[in-house]
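Following this message is one structure expressed as structure tokens.
Computed from a predicted model, the values in this text were never measured in an experiment. Computed from heavy atoms alone, side chains included, the values below leave out hydrogens, waters and symmetry copies.
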Amino acid sequence: MLEKLLGLPVLASEHGKDVDRLIVYIHYLMIVLFAGWLLYFAYALYRFHHKRNPRADYRGVKNHASSYLEVAVALVEGILLMGLAVPLWARAVDKFPAAKDSTVIQIVAQQFDWNVRYPGNDGVFGKQDMRWVSATNVFGVDPNDPNGKDDVQDTTQIHVVVNKPVIAYISSKDVIHSFKIIAMRVTQDAIPGMRIPIHFTPTRTGIYQINCAQLCGNGHFGMSRGQLIVQSQEEFDHWLASKAGAAPVSFE
């Protein structure tokens, strides 16, 4: 019920349930704290009204009720942290799915679009080097490496398979961007010179917006054109075959 009241966006990933659960539980805690402190404020106005206390009492409160409440709040926060947040983070950064069972892609952000690269039929990415980076070779693929001949590159649209883990290596060509898909509950900064892996498992077919969560220049808004297209394995294979051998897109 609280999910509807909070207006949480559509959920389309496996791990997103835990993210939403953490958000809901934190809001439950905030509601309890808000109501509790409001009641305490009303009680303090009544209990310490000047008509009941014409002379100031400098001895203060002698009981430890407030201390017990503070310990209880800290305990609940600790349970949320250790019971939900830390295990969720551990699964996100440590427990990666096997590459052979996943859709493995590379994503390079640039002003102002998303570039994506897939290994070809051999399942192996071609070698990369910074000296090969150009307007038509955003990933710096070695043109002499046979493993890169069948690699597929595209822009704006990222195709993945439903109910199949996705491993994405995030980087940037120019400034700091942030790869964010709200429906998948994933966000990762794209940092020049770094290739940071993330993973998620889409659970619903459809088209989902990709956003840049970092202000990256005057055309920042244009990066919201990015789309994650979740489709069946058959549809994905057909799309990948149609892209094989296509020339990379130039931004110049």
Side-chain angles (χ1 to χ4, degrees), residues 3-4 6-20 22-23 88 92 102-118 133-140 152-232 235-236 239-240 242-243 246-252:
E3 289 92 336
K4 293 182 179 179
L6 291 175
L8 294 179
V10 62
L11 173 62
S13 72
E14 187 177 285
H15 79 279
K17 297 189 294 291
D18 291 333
V19 175
D20 286 0
L22 177 61
I23 292 173
L88 176 61
S102 308
T103 303
V104 182
I105 58 177
Q106 295 177 352
I107 298 172
V108 171
Q110 73 175 76
Q111 296 173 314
F112 297 97
D113 214 333
W114 306 98
N115 304 281
V116 59
R117 180 183 179 217
Y118 305 78
V133 173
S134 67
T136 57
N137 191 357
V138 178
F139 293 90
V152 172
Q153 296 184 35
D154 202 3
T155 59
T156 306
Q157 292 186 342
I158 298 174
H159 292 248
V160 296
V161 180
V162 67
N163 295 321
K164 184 177 181 180
V166 177
I167 300 177
Y169 292 87
I170 312 296
S171 187
S172 172
K173 182 182 175 183
D174 36 48
V175 300
I176 295 178
H177 301 270
S178 187
F179 180 76
K180 183 181 185 71
I181 309 176
I182 297 174
M184 298 296 140
R185 305 298 192 267
V186 293
T187 304
Q188 175 59 57
D189 282 352
I191 302 173
M194 297 182 67
R195 184 177 294 166
I196 305 172
I198 62 170
H199 69 93
F200 58 94
T201 302
T203 56
R204 294 175 57 176
T205 58
I207 300 176
Y208 304 98
Q209 187 178 41
I210 303 173
N211 297 290
C212 180
Q214 287 279 4
L215 183 60
C216 57
N218 292 336
H220 167 70
F221 66 92
M223 301 196 74
S224 61
R225 296 173 301 176
Q227 294 179 326
L228 179 78
I229 301 177
V230 183
Q231 51 198 172
S232 66
E235 292 171 328
F236 176 80
W239 170 83
L240 196 63
S242 70
K243 285 289 184 178
V249 176
S250 172
F251 282 89
E252 293 185 353

### Query
Nearest heavy-atom pair of Gln209 and Ser224: which atoms, and what distance?
NE2-O, 3.1 Å

### Query
Do Thr201 and Pro165 come within less than 4.5 Å of each other through their side chains, counting heavy atoms only?
yes

### Task
Search all heavy atoms of Ala168 against all heavy atoms of Ile107 and return the closest pair with its distance.
CB-CD1, 4.0 Å

### Query
Does the side chain to side chain contact (heavy atoms under 4.5 Å, CB included) test come out yes or no for Val186 and His15, once each step is laid out?
CA-CA 9 Å; Val186 293; His15 79 279; 3.6 Å; yes

### Task
Could you tell me the separation between the CD1 atom of Ile210 and the CD1 atom of Ile158, rounded to the nearest 0.5 Å?
3.5 Å

### Task
Answer yes or no: is there a side-chain heavy-atom contact under 4.5 Å between Met184 and Val230?
yes

### Task
Examine distances only and state if a side-chain atom of Ser171 and a backbone atom of Met194 form a donor-acceptor pair shorter than 3.5 Å.
yes

### Message
Side chains of Arg117 and Val138, heavy atoms from C-beta outward: is any pair under 4.5 Å?
### Response
no

### Task
Compare all side-chain heavy atoms of Val160 with those of Tyr118 and state whether any distance is below 4.5 angstrom.
no

### Summary
On a heavy-atom basis, the closest approach of Ala190 and Ile170 is CB-CG2, 3.6 Å

### Message
Does anything in residues 182-193 form a salt bridge (Lys or Arg N to Asp or Glu O under 4.0 Å)? List the pairs, not counting sequence neighbours.
### Response
Asp20-Arg185

#### Entry: All side chain to side chain contact (heavy atoms under 4.5 Å, CB included) counterparts of Gln231, not counting sequence neighbours
His159, Ile229, Glu235, Phe236, Trp239

### Message
Once side-chain hydrogen bond (donor to acceptor under 3.5 Å, both in side chains) is applied, do any residues pair with Asp174, and if so which ones, sequence neighbours excluded?
### Response
His177

### Task
Taking all non-hydrogen atoms of both residues into account, name the closest pair between Ser172 and Val108 and its distance.
C-CG1, 4.1 Å

### Task
Would you mind listing every ring pair (Phe, Tyr, Trp, His ring centres under 6.0 Å) that reaches into residues 182-226, with sequence neighbours excluded?
Phe96-His199

### Task
Compare all side-chain heavy atoms of Thr203 with those of Asn163 and state whether any distance is below 4.5 angstrom.
yes

### Residues which pass side-chain hydrogen bond (donor to acceptor under 3.5 Å, both in side chains) with Arg225, listed by chain and number, not counting sequence neighbours
none

## Note on the structure
Closest non-hydrogen contact found for Cys216 with Phe112 is O-CE2, 3.6 Å

### Task
Look up atom CD in Gln188 and atom CD1 in Ile196, then write down how far apart they are to the nearest 0.5 Å.
4.5 Å

### Message
Could you work out, with side-chain hydrogen bond (donor to acceptor under 3.5 Å, both in side chains) as the rule, every residue matching Thr187, not counting sequence neighbours?
### Response
Lys180

### Task
Check side-chain hydrogen bond (donor to acceptor under 3.5 Å, both in side chains) between Gln227 and all other residues, then give those that pass, not counting sequence neighbours.
Gln157

### Query
Can you tell if the side chain of Ser13 reaches within under 4.5 Å of the side chain of Leu11, non-hydrogen atoms only?
yes

### Task
Report the distance from atom SG of Cys212 to atom CD1 of Ile176, rounding to the nearest 0.5 Å.
10.5 Å

### Task
Can you tell me which residue pairs pass the salt bridge (Lys or Arg N to Asp or Glu O under 4.0 Å) test with a partner in residues 194-223, sequence neighbours excluded?
none

## Note on the structure
The ring pair (Phe, Tyr, Trp, His ring centres under 6.0 Å) partners of Phe179 (sequence neighbours excluded) come to Trp114

